[in-house]
Amino acid sequence: MNEQELHRQILEVIDLIPYGKVASYGQIAKLAGLPKHARLVGFVLKHLDQESKVPWYRVINAQGRISVNRINDKGENVQQCLLEAEGVYFENGKVDFKIFGWTI
């Protein structure tokens, strides 16, 4: 399997995360058939085209925290704003996976 196919598999899984839910990098890797490749998921998202419709912001780290520091012109974390717009809330900088975690 080539690199492009691996990236496509990862993005296809991320596309399945429902509105108002989050998943961890490791969970995405496992569902894409790439267990123990959470860093690859991060790499793919880091290099995602800005115009992509893939809901990249629904992927957070296993501790429930945001790993991406993309800031908008108001100084707000873009990922946190997008998640909050879907009803996902943060408590002490963390998302509760028991409430907002994507279960299959």
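Everything numeric here is computed off the predicted structure, so don't read it as measured data.
- Dense packing is recorded around CD of Glu5, with more than 12 heavy atoms of other residues, nucleotides or ligands lying under 6.0 Å away.
- Once rounded to the nearest 0.5 Å, the distance linking CG of Asn61 with CD of Gln63 reads 4.5 Å.
- Val88 and Ile104 fall within a single hydrophobic cluster, where Ile, Leu, Val, Met, Phe, Trp and Tyr are joined by side-chain heavy atoms under 4.5 Å apart, directly or via other members.
- Every pair passing salt bridge (Lys or Arg N to Asp or Glu O under 4.0 Å) that includes a residue from residues 8-30 is listed here, sequence neighbours excluded: Arg8-Glu12.
- For the pair Val41/Leu34, no side-chain contact is recorded, criterion being any heavy-atom separation below 4.5 Å from C-beta on.
- Taken from CD1 in Ile66 to CG in Asn77, the straight-line distance is 4.0 Å, to the nearest 0.5 Å.
- Nearest heavy atoms, Ala38 versus Ala29: N-CB, 3.8 Å.
- Transitive grouping of hydrophobic side chains (ILVMFWY, heavy atoms separated by less than 4.5 Å) keeps Phe90 and Ile71 in distinct clusters.
- Results of the side-chain contact (heavy atoms from CB on, under 4.5 Å) test with Val54 over Ile10, Ile14, Val13 single out Ile14 as the only residue that passes.
- Within the structure, salt bridge (Lys or Arg N to Asp or Glu O under 4.0 Å) contacts touching residues 93-104 (residues at least two apart or in different chains) do not occur.
- When all heavy atoms are compared, the tightest approach of Trp56 to Leu45 is CB-CD2, 3.7 Å.
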Tabulate below the donor-acceptor pairs under 3.5 Å that side-chain atoms of residues 80-87 make, not counting sequence neighbours, or state none.
from, atom 1, to, atom 2, distance (Å)
Gln80, NE2, Glu84, OE2, 3.0
Glu86, OE1, Gly20, N, 2.8
Glu86, OE1, Arg58, NE, 3.0
Glu86, OE1, Arg58, NH2, 3.4
Glu86, OE2, Tyr57, OH, 2.6
Glu86, OE2, Arg58, NE, 3.3
Glu86, OE2, Arg58, NH2, 2.7

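- In terms of heavy-atom proximity, Trp102 sits nearest to Gln27 at O-NE2, 2.8 Å.
- Under the 4.5 Å side-chain criterion, counting only non-hydrogen atoms from C-beta, Ile28 is in contact with Ile17.
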